[in-house]
Amino acid sequence: MARNHGSQIKWTAYSLAYLFLHLLKFGLLNRVPVNGAVPEFATIAVAAVGCFEGPFSGALYGLGIGLFCSAVYYRAGSMMIAICTLVGWLSGLTTDLQVGKNFLGVVLCGSLSVVLLEAIRVGYYHFFGKNDLDILLSIAIPEGLYSLAFVIPMYFLFVMVFLKFRTDMEL
């Protein structure tokens, strides 16, 4: 009994693409901070996969990336699990509207995911950490802008994976 392993290969490729981005971030970009900020790739990657694969698959991929981020990042806590899962689900909803599987949809969802991540972090650390809003914004704005610079290159990375390992028969 032969079995098609295309789906497993596709999700492995998506995971390896994120692992490549993670190594790029920690191997190179951490050494080149801009205004003291380092880009955050997790939500952009989840948004791209959510746009291509739909809400359920995007949420599951976001859950996996969120678990990875919580396990690897210092002081990430469980915040990244919820944020990445939400971003994957919301980005996947654009696929149902036939907006998400194109360049504009992925760039829009990736950009909004960065804004959402930074807004949640600032709000959390301001209200629960009792940190000064000016200091939090002086960190969040450069980090968000630095992350936004990678939305378009990450689109091309994930669209390459999506097209190379496509398992559906859409045209």
Side-chain angles (χ1 to χ4, degrees), residues 9-66 68-69 72-73 76 79-80 82-122 137-168 170-171:
I9 293 170
K10 175 178 66 172
W11 289 104
T12 301
Y14 279 139
S15 299
L16 289 174
Y18 182 74
L19 186 61
F20 166 74
L21 293 170
H22 178 75
L23 293 175
L24 176 70
K25 175 184 173 181
F26 283 102
L28 179 66
L29 297 175
N30 269 358
R31 301 170 197 272
V32 189
V34 174
N35 260 355
V38 178
E40 180 59 60
F41 292 152
T43 57
I44 303 169
V46 170
V49 172
C51 284
F52 292 130
E53 299 297 333
F56 181 72
S57 299
L60 285 179
Y61 185 75
L63 178 66
I65 295 298
F68 177 79
C69 291
V72 173
Y73 295 164
M79 184 186 313
M80 286 300 285
I83 292 171
C84 287
T85 304
L86 180 67
V87 164
W89 179 69
L90 290 175
S91 298
L93 290 176
T94 64
T95 303
D96 294 340
L97 303 173
Q98 296 302 321
V99 175
K101 286 190 179 185
N102 59 30
F103 177 76
L104 182 62
V106 174
V107 169
L108 180 65
C109 289
S111 300
L112 289 175
S113 73
V114 170
V115 171
L116 178 70
L117 173 68
E118 297 303 329
I120 290 173
R121 282 181 175 171
V122 166
L137 289 175
S138 71
I139 296 169
I141 291 172
E143 182 178 292
L145 292 174
Y146 196 13
S147 299
L148 287 175
F150 292 95
V151 171
I152 293 173
M154 287 176 64
Y155 163 78
F156 288 111
L157 174 67
F158 283 100
V159 77
M160 182 181 67
V161 171
F162 174 70
L163 294 175
K164 177 74 176 168
F165 299 105
R166 194 168 193 171
T167 56
D168 61 348
E170 290 182 357
L171 294 176

Quiz item: So do the side chains of Ile83 and Thr43 get within less than 4.5 Å of each other, counting heavy atoms only?
Solution: yes
Exercise. Over all heavy atoms of both residues, which pair between Val46 and Gly58 is shortest? Give the atoms and the distance, please.
Key: CG1-O, 4.1 Å
Quiz item: Roughly how far apart are Thr94 OG1 and Leu108 CG, rounded to 0.5 Å?
Solution: 8.0 Å
Quiz item: Side chains of Phe162 and Lys101: closer than 4.5 Å at any heavy-atom pair?
Solution: yes
Quiz item: Say you draw a straight line from CG of Leu19 to CD1 of Ile65; how long is it, rounded to the nearest 0.5 Å?
Solution: 9.0 Å
Practice problem: Drop me the distance from Leu112's CG to Ser91's OG, to the nearest 0.5 angstrom. | Solution: 8.5 Å
Self-check item: Sub-4.5 Å side-chain heavy-atom contact between Phe68 and Tyr18
Solution: yes
Quiz item: When rounded to the nearest 0.5 angstrom, what distance separates SG in Cys51 from CG in Leu104?
Solution: 10.0 Å
Exercise. Would you indicate whether the side-chain heavy atoms of Glu53 and Leu60 approach each other to under 4.5 Å?
Key: no
Enumerate donor-acceptor pairs with a distance under 3.5 Å from any side-chain N or O in residues 23-36 to protein atoms, sequence neighbours excluded.
unit_1: Lys25; atom_1: NZ; unit_2: Pro39; atom_2: O; d: 3.4
unit_1: Lys25; atom_1: NZ; unit_2: Glu40; atom_2: OE1; d: 3.2
unit_1: Arg31; atom_1: NE; unit_2: Gly27; atom_2: O; d: 2.9

Exercise. Please assess Trp11 against Tyr61 for the test side-chain contact (heavy atoms from CB on, under 4.5 Å), listing each intermediate value before the final yes or no.
Key: CA-CA 9 Å; Trp11 289 104; Tyr61 185 75; 3.8 Å; yes
Kindly list each side-chain donor-acceptor pair under 3.5 angstrom involving residues 148-161, sequence neighbours excluded, with atom names and distances?
none

Practice problem: Run the numbers on Met79 and Ile120 for side-chain contact (heavy atoms from CB on, under 4.5 Å), then give the verdict. | Solution: CA-CA 9 Å; Met79 184 186 313; Ile120 290 173; 4.1 Å; yes
Quiz item: Taking all atoms of both residues into account, what is the closest heavy-atom pair of Gly105 and Asn102, and its distance?
Solution: N-OD1, 2.7 Å
Quiz prompt | Verdict with reasoning, Ser113 to Ile44, per side-chain contact (heavy atoms from CB on, under 4.5 Å) | solution = CA-CA 6 Å; Ser113 73; Ile44 303 169; 4.2 Å; yes
Self-check item: Close side-chain approach of Glu143 to Arg121, heavy-atom, < 4.5 Å
Solution: yes
Practice problem: Indicate yes or no: at least one non-hydrogen side-chain atom of Phe52 is less than 4.5 angstrom from one of Val49. | Solution: no
